[in-house]
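Written out below as structure tokens is the structure these notes cover.
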Amino acid sequence: MTNLLRSEWTKLRTVRSWTVTAVLIAVVMVAFSWVVSAGSHTGICDGPGPGSCHGEPPVPVGPNGEAVVDAYYYLHEPIAADGSISVRVSSLTGVTSTAGNHVEAGTNLLAQSKPALAPWAKAGILITPSLSTGSRYAAVMVTGDHGVRMQEDYTGDSAGLPGAVTASSPRWLRLSRSGDTLTGSDSTDGVHWYTIGTTRLSGLAGTAQAGLFVTSPVVPTSSRSNEGTYATGTFDQLATTGTVTAEHFNATNVGAGPTSDSLAPGRYRQTGDRYVVGGSGDIAPLASGAGGGGTVPDSGLLGAFAALIVVAILGAGYITSEYRRGLVRTTFTATPNRRNVLVAKAIVIGTTAFIPSLIGTAMAFVLSRHVQRSNGNALLPISTSTEVRAVIGTAAMIAITAVLALALGAIARRGALAVTLIVVTTVLPLILGLTVSTSIGTWLLRITPAAGFAIQQSVVRYSQVSDSYTPMNGYFPLAPWAGFAVLCAWTLLAMAIASRVLRRRDA
């Protein structure tokens with residue numbers, strides 16, 4: 001096998017067009033990604049130069065490094081030691097804006113709305129060490145369509161009692177503090193309590209803030225548009241223990257500002273022990289779709305889309321050119337075991353495609369992030385391990401596609417047909433997935449080799465966030481490695497068929 005690999009490598013490097021094509025993979029990857037990134041302007045540009053743009057502020061970051069939305073209306077006071085706060089929620093109503101995405105400054109959005117409660121509208125009790133955006137917190141709440149929940153640090157989510165809150169079916173909520181441990185409970189009668197969950201907020205020592213909050217997120221209407229919402233919760237039967245007295249609540253629009261996704265500032269009124277509190281925004285991870293406020297970092301890897309066409313030409317041509325010139329007979333005469341020949345070609349072409357792909361992918365990723373930031377885009381933060389997986393995985397996806405093209409070339413014996421098959425099964429499904437937000441595009445990205453593009457996904461889908469989770473926004477129907485496995489399965493199947501065809505068919 002070593003001699004066979006050396007022979008196949010010699011064939012490839014001595015043909016100038018194949019060498020040029022291999023280098024072209026990296027060039028196309030970088031060039032295409034630069035064009036896509038240069039055309040992305042979510043900020044405001046004062047001139048043509050890349051340094052003249054400004055716009056979105058940095059995306060808020062939660063305690064675990066994830067991008068977050070942190071905007072809500074909060075009635076709060078200090079809780080300096082152990083204690084608890086409990087309350088009955090007897091109503092949660094909401095409205096949805098009808099003004100659309102583009103409105104003039106000063107427009108009264110609440111005046112242009114219709115009754116509609118957002119599924120993830122929230123009203124309840126929250127404890128946090130700070131009112132700064134992205135601070136740690138724990139909260140127990142009723143929601144518009146998901147029952148009672150306990151949530152903490154943006155990504156944590158536990159279910160409590162199901163069902164909607166009404167005057168005839170209220171919910172009692174309780175949040176207790178013991179040091180830095182917080183426990184959320186709920187009840188249907190205020191007597192029999194059920195624990196939803198317990199969490200530990202490290203560093204909570206000292207005075208924290210505790211009180212009532214209401215928030216309501218944007219609701220996506222398509223992959224690129226959304227409607228703002230506003231929720232109003234009614235609280236009563238407020239009871240406290242410890243240092244919370246509920247006598248001197250401070251009212252704060254936490255996170256209020258141009259990027260808070262708030263339909264309108266929060267407000268409240270108190271009548272006796274009854275609090276009617278309204279608010280807008282969200283306390284949750286930030287998605288990248290209609291309700292998102294950041295640019296997906298893996299958009300800089302879209303050059304792989306163009307690189308696949310180049311690598312298909314390289315992979316298919318690596319074997320079909322031998323059939324076209326009649327050299328394949330010499331190859332099979334020197335090595336009668338045709339399966340070994342196919343495996344050797346796969347190793348050589350896969351390695352040859354992987355190296356320039358890795359170089360091009362790394363360069364494209366770094367360049368695109370620089371250009372996007374220069375254009376005023378606020379990039380969603382991702383971990384180093386995710387960056388490494390996306391970059392190396394993209395290069396591996398391109399290399400596997402080269403092997404797939406080789407196998408299809410061995411089966412079809414015609415390069416044009418093999419390249420066409422790659423385009424139809426890999427490139428076309430991706431285009432449909434990016435441009436057609438239907439079940440057809442999702443279905444194709446599950447079962448075709450295009451599923452391999454999932455390896456580029458750098459954003460996370462959260463069940464507690466309603467958004468447009470489409471490939472256009474960086475989300476794929478399969479997990480990264482699951483999508484990559486689908487591509488590998490297709491390649492192994494094609495290699496098995498090609499091996500059988502080569503053994504049974506005359507050269």
Side-chain angles (χ1 to χ4, degrees), residues 32-33 36 40 66-67 101 118-120 145-146 155 157 217-227 284-309 312 380 382 386 389-390 393-394 396-398 400-401 404 420-494:
F32 194 92
S33 297
V36 172
S40 176
E66 68 284 333
N101 286 338
W120 279 107
D145 196 36
H146 298 280
T155 58
D157 177 55
V218 297
V219 175
T221 56
S222 70
S223 63
R224 290 300 182 191
S225 64
N226 59 73
E227 294 176 335
L286 177 65
S288 68
T295 301
V296 184
D298 55 29
S299 60
L301 299 178
L302 287 177
F305 166 80
L308 282 185
I309 299 176
L380 296 178
I382 61 175
T386 300
R389 187 256 297 157
T394 297
M397 177 192 67
I398 294 173
I400 296 297
T401 303
L404 177 60
T420 300
L421 289 173
I422 290 293
V423 172
V424 171
T425 60
T426 305
V427 179
L428 184 59
L430 178 65
I431 295 176
L432 293 176
L434 291 174
T435 59
V436 182
S437 299
T438 66
S439 58
I440 296 177
T442 300
W443 179 71
L444 289 174
L445 286 174
R446 285 182 180 273
I447 66 171
T448 67
F453 278 97
I455 198 68
Q456 296 183 338
Q457 181 170 313
S458 63
V459 286
V460 179
R461 179 172 182 165
Y462 294 96
S463 60
Q464 71 269 37
V465 179
S466 297
D467 214 290
S468 180
Y469 292 108
T470 65
M472 182 183 298
N473 297 320
Y475 300 92
F476 287 82
L478 294 178
W481 290 113
F484 185 75
V486 171
L487 171 61
C488 291
W490 276 107
T491 303
L492 288 173
L493 176 61

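Predicted model only: the values in this text are computed from it and were never measured. The residues of the chain are indexed from 1 along the displayed sequence.
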Fill in the blank from the handout: Closest non-hydrogen atoms of Gly483 and Ala454, given as atom of the first, atom of the second and distance, are CA-CB, 4.1 Å
Practice task
Could you grab the distance from atom OG1 of Thr448 to atom CG of Leu428, nearest 0.5 Å is fine?
Solution key: 9.0 Å
Exercise for the section: With rounding to the nearest 0.5 Å, note down the distance linking OG in Ser463 to CH2 in Trp120. Expected result: 6.5 Å
Practice task
List in chain and number order the residues that pass ring-ring contact (aromatic ring centres under 6.0 Å, His included) with Phe32, two or more places apart in sequence or in another chain; answer none if no residue qualifies.
Solution key: Phe305
Fill in the blank from the handout: Looking only at heavy atoms, the pair that brings Leu308 and Val427 closest together is CB-CG2, 4.5 Å
Practice task
Please report the shortest heavy-atom distance between Ile447 and Trp490, naming the atom on each side.
Solution key: O-NE1, 2.7 Å
Exercise for the section: For Arg389 and Ile455, indicate whether the former's side chain and the latter's backbone hold a donor-acceptor pair under 3.5 Å. Expected result: yes
Exercise for the section: Mind listing the closest non-hydrogen atom pair of Pro477 and Leu445 along with its distance? Expected result: CG-CB, 3.8 Å
Problem - Rounded distance [0.5 Å steps], CE in Met397 versus CZ in Phe484 - result: 9.0 Å
Problem - Separation of Ile400 CD1 from Leu492 CG (nearest 0.5 Å) - result: 8.0 Å
Exercise for the section: Hey, could you give me the CZ/OG1 distance between Phe453 and Thr401, rounded to the nearest 0.5 Å? Expected result: 7.0 Å
Practice task
Over all heavy atoms of both residues, which pair between Gln456 and Thr394 is shortest? Give the atoms and the distance, please.
Solution key: CG-OG1, 3.1 Å
Problem - Validation row: Gln464, Pro285 side chains within 4.5 angstrom (heavy atoms) - result: yes
Handout entry: Residue pair Pro429 / Ala450: nearest heavy atoms and the distance that separates them
Key = CB-CB, 3.6 Å
Problem - Interatomic distance, Gln457 atom CD to Leu478 atom CG [nearest 0.5 angstrom] - result: 9.5 Å
